Every structure is written in structure tokens, then in C-alpha cells.
Amino acid sequence: MSFEENIRRVTPYTPGEQPVKKVIKLNTNECPYPPSPKVSDALKSMDTDALRLYSEVTCGTLTDALSSYYGVPKNRIFAGVGSDDVLSMCFLTFFAGKDPVLFPDITYSFYDVWASVYRIPYETIPLDDDFNIRPTDYHRRNGGVVIANPNAPTGVILSGELIEDVISHNKDSVVIVDEAYIDFGGESALPLIDRYDNLIVVRTMSKSRALAGMRIGYCFGNEKLIKYLNDVKYSVNSYTMNTPSLIAGAKAIEDDEYFKEITGRIIKTRETFSKSLRELGFTFRDSSANFVFAKPPVPFEALELFERLRERDIFVRHFKKPERISEYLRITIGTDEEMGELINALKEIMK
Ligand SMILES: *Cc1c(COP(=O)(O)O)cnc(C)c1O
């Protein structure tokens with residue numbers, strides 16, 4: 001017997017590259033604009049003596065701000081170190097049963113990793129040929145359901161009515177709706193937490209609030225579910241969020257005007273960029289997120305374009321697996337200038 005037999009082994013999630021030199025970075029769906037000036041003011045004037053003390057276990061500074069902004073009581077909010085932390089805690093807390101947890105075959109590629117590391121049984125449900133989620137596929141016995149809406153990496157939105165269909169047909173399991181991109185389009189499931197005690201709605205400040213480096217995520221749900229989540233969190237690591245993140249997150253939420261301005265700008269850029277990309281012959285579904293997921297015209301291949309762009313210091317994302325999406329590129333929406341440079345580079349490569 002060797003100690004290797006006792007080791008928990010898992011195939012990890014592959015994060016998008018973080019290049020050190022200056023490049024056009026359209027590969028991890030970060031925001032091209034800086035965070036709110038209120039965030040930088042608060043961090044610059046922060047009393048660093050406060051760092052002597054452990055951070056707030058309740059994350060109260062942040063959940064207070066979230067509570068007044070969204071009009072949701074504090075006992076229905078849970079915060080964590082990015083929504084990856086929130087989602088991972090949700091998997092650990094809510095999916096301790098024997099029936100398989102269901103999620104689409106093409107979706108955020110961390111879901112199957114958490115299921116594996118926590119030994120949670122799961123089953124993936126194929127999207128239809130146009131990358132739509134079919135709610136009726138989820139009308140069956142399961143140990144939980146996870147849906148990213150808008151979905152990643154497709155950018156396709158499921159209507160509020162159809163999301164509710166999934167939630168209402170699964171009252172005996174927890175349904176997690178991952179709304180990492182909802183600020184760029186689509187109807188949020190958040191109001192449904194008043195009517196469904198099996199619903200968790202997850203959000204992040206990494207994309208629409210320009211704070212990926214601060215690691216701030218949160219979720220909403222029935223107070224009972226939130227209590228169970230906190231019980232697990234306090235059994236793993238109580239002081240998850242650091243003090244500067246709590247302050248920065250609260251300030252980002254308070255500056256609604258700035259938030260609306262940058263998300264509005266990204267949506268506008270997405271629309272003009274989508275038009276130019278279609279003119280080059282790419283095909284794709286309309287995106288409700290801050291990226292587009294597009295297939296190049298014949299005879300061009302996604303992997304080759306990915307590499308040729310990379311040689312020019314333009315980073316986009318290509319997924320080799322599953323095979324169904326290996327002919328697509330996921331392109332984050334940057335500034336108008338960045339998207340213009342990308343279009344010019346594609347024109348040169350494809351001429
Ligand atoms: C980016 C992303 C996350 C994780 O974001 P954090 O930076 O950990 O908050 C979660 N879900 C989806 C679908 C994402 O695209």
C-alpha cells in the first residue's frame with residue numbers, strides 16, 4: 001500500500017491564460033474598463049491598521065450594500081471569494097445526495113470539476129443543436145440542477161419563463177442559476193427567490209463590475225438555504241473574504257451610475273462587433289453576455305485562427321473539448337479599439 005492510494009485525485013479546471021506582457025486580452029471575459037472611481041478612492045483611503053484584525057465573518061459590509069441595492073434581506077445573501085467559491089460551497093452543501101446532479105453538456109467547465117472533487121454523482125444533458133437548454137430535459141428525478149444563464153461559453157439566454165419551468169419542476173432539489181453574465185442581457189431569476197425555496201441565484205463582480213482581481217461573488221436564496229451554506233462555510237474557513245474586498249465590493253455596488261455606464265458601453269460594442277464579425281462570415285447565436293461564441297467560415301479552423309491571433313498578441317479562447325464546440329472561438333468584448341484591432345487582424349489572416 002502506498003500513500004498515493006489515499007490521495008484525492010482530480011482533473012482540475014483549466015483557467016484562461018494570464019499573459020505577463022501587454023496583449024489584447026479577450027480570453028477570460030474580464031471587463032475592459034477600470035472599476036468605479038469610488039472603489040479606488042475607498043482603497044486609497046483605507047485604514048490599513050484595520051488589517052491587524054480578522055475580516056468580518058458575516059461579510060456584513062458587503063451584504064449590507066447588496067441588501068439595500070437588490071432589496072433582499074441580509075439573511076438571504078451569502079458572499080464568497082468570487083462566485084467560484086460561492087458555487088463550490090453550494091455544490092458541497094446542497095449536493096450531498098445519491099441522485100445525479102444535472103447540468104448541460106456545454107456549460108461552465110468548472111461544474112464537473114467540483115462534482116468530481118466532492119464525489120458528487122452528475123449527469124450532463126446535451127444542449128439542442130442551436131445550443132438551447134430544453135427545460136423538459138430537467139423534468140426528472142435528480143440530486144440538483146445547475147444552469148448558467150446566460151450560458152457560458154455559448155452566450156445564449158434562457159427566458160425567465162423557461163428558467164421558472166426548470167425551478168418549478170424540481171421542487172425536491174436545489175436549483176442553482178449561475179448569473180455571472182446577467183448584467184449584459186436577459187431576465188434575472190432573482191425575484192423568484194420569494195416564491196421558490198429551492199432556488200439559489202449566483203452573481204459575481206468579476207465581469208460586469210470590473211473586479212475580477214478582488215474575488216467577490218455572492219448568491220441569493222431562501223434564508224434556510226443560506227443558513228445551511230453558512231454552516232458549511234464556517235466548517236471549512238470562516239474568514240473567507242478579506243477586508244479590502246469587502247470594502248471594494250460595497251463601493252462598487254453603491255456606484256450604480258458607473259456600473260450602468262460601463263455595462264451599457266460593453267453591450268453597444270458587442271452589437272457593433274457582432275455585425276462586423278458576421279460580415280467576415282462567422283456564424284453564431286446572438287449573445288446576451290460580454291463575449292460572443294462564434295464559428296469561422298469554411299475553410300478556416302478555430303484552432304488555427306486562435307493560434308494566428310495569438311502570434312499577433314491577441315488572446316481569445318478556444319476549447320478543444322467537447323468536440324461539438326472545438327470549431328468555435330469565444331471572444332470577450334473589449335473596448336471598441338480592441339475589437340477594431342481584432343477585426344483588422346482577422347481580415348489580414350483570412351484574406
Ligand atoms: C466567470 C464565471 C464564474 C466565476 O467567476 P468568479 O470570478 O469566480 O466570480 C462563474 N460562473 C461562470 C459561468 C463564469 O463565467
Side-chain angles (χ1 to χ4, degrees), residues 12-18 25-32 35 39 59 62 66 77-92 101 103-115 117 124 127 131 133 145-158 163 175-186 188-190 200-220 229 233 237 240-242 245-246 248-249 252-253 259 263 266 270 287-293 315-317 319 325 328 330-334:
Y13 170 77
T14 316
E17 248 180 298
Q18 292 293 3
K25 194 172 177 310
L26 308 173
N27 68 337
T28 53
N29 299 342
E30 289 140 333
C31 179
V39 171
C59 303
L62 176 62
L66 292 168
I77 307 175
F78 174 85
V81 186
S83 58
D84 284 342
D85 178 42
V86 174
L87 285 159
S88 144
M89 282 291 126
C90 287
F91 272 61
L92 190 56
V101 171
F103 44 84
D105 62 339
I106 297 165
T107 190
Y108 189 39
S109 51
F110 227 136
Y111 301 154
D112 59 354
V113 175
W114 288 312
V117 75
T124 57
L127 297 180
F131 293 152
I133 290 169
V145 175
V146 190
I147 298 221
N149 200 40
N151 197 10
T154 64
V156 175
I157 188 81
L158 190 62
I163 275 284
V175 176
I176 296 176
V177 182
D178 178 355
E179 295 190 337
Y181 300 103
I182 198 74
D183 295 324
F184 303 105
S188 172
L190 180 54
I200 289 280
V201 177
V202 184
R203 297 282 186 91
T204 175
M205 294 207 189
S206 297
K207 280 86 187 216
S208 57
R209 292 188 194 262
L211 285 173
M214 270 296 183
R215 311 305 301 125
I216 304 169
Y218 46 100
C219 71
F220 304 98
L229 261 181
K233 167 191 150 163
N237 177 6
T240 50
M241 294 190 75
N242 65 63
S245 290
L246 292 170
I253 283 291
F259 162 72
T263 46
I266 291 165
R270 178 185 71 202
S287 169
S288 298
N290 67 338
F291 57 83
V292 297
F293 192 58
F315 283 55
V316 297
R317 193 89 188 260
F319 300 92
I325 61 168
Y328 286 76
R330 193 195 66 189
I331 306 167
T332 303
I333 302 301

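Throughout, residue positions are numbered sequentially from 1 according to the sequence presented. The structure presented is a predicted model; accordingly, all values stated were derived computationally and were not measured. Both ligands and their constituent atoms are indexed starting at 1 by order of listing.
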Original post:
What orientation do Phe291 and Tyr181 show, parallel under 30°, tilted 30 to 60°, or perpendicular over 60°?
Top reply: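 If you compare the ring of Phe291 with that of Tyr181, the planes turn out perpendicular.
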**OP:** Indicate the ring-plane relationship of Tyr111 and Phe103, choosing parallel, tilted or perpendicular according to the 30° and 60° boundaries.
**Re:**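 Tyr111 vs Phe103 ring planes: perpendicular.
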Original post:
Heavy atoms only: which of Pro15, Gly213, Ser83 is nearest to atom 6 (P) of ligand 1?
Top reply: Ser83
Subject >> salt bridge (Lys or Arg N to Asp or Glu O under 4.0 Å) between Lys25 and Glu30, worked out >> reply: CA-CA 9 Å; Lys25 194 172 177 310; Glu30 289 140 333; 2.8 Å; yes
Original post:
Near Gly82, which atoms of ligand 1 are under 4.0 Å from a heavy atom of that residue?
Top reply: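 So the atoms of ligand 1 that pass are 8 (O), 9 (O).
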Original post:
Does Arg209 count as lying over the ring of Phe259, i.e. NZ or CZ under 6.0 Å from the six-ring centre, within 45 degrees of the axis?
Top reply: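 Yes, Arg209 sits over the ring of Phe259.
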Does [X] approach ligand 1 within less than 4.0 angstrom via side chain, backbone, both or neither, non-hydrogen atoms only?
{"X": "Asp84", "answer": "both"}
{"X": "Phe110", "answer": "neither"}
{"X": "Met205", "answer": "neither"}

In the protein, which heavy atom is nearest to [atom], and how far is it?
{"atom": "atom 12 (C) of ligand 1", "value": "Asp178 OD2, 3.4 Å"}
{"atom": "atom 15 (O) of ligand 1", "value": "Tyr181 OH, 2.5 Å"}
{"atom": "atom 7 (O) of ligand 1", "value": "Ser206 OG, 2.6 Å"}
{"atom": "atom 2 (C) of ligand 1", "value": "Lys207 NZ, 2.3 Å"}

**OP:** Would you tell me whether Thr154 and Arg330 have side-chain atoms, one donor and one acceptor, within less than 3.5 Å of each other?
**Re:** no
Original post:
Just checking, any donor-acceptor pair under 3.5 angstrom between side chains of Asn237 and Thr240?
Top reply: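 Side-chain D/A pair, Asn237 to Thr240: absent.
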Original post:
Between Thr28 and Thr332, which heavy-atom pair has the shortest distance, and what is it?
Top reply: N-OG1, 3.7 Å
Subject >> ligand 1 to Arg215 polar contact by distance, N or O atoms, under 3.5 Å >> reply: yes
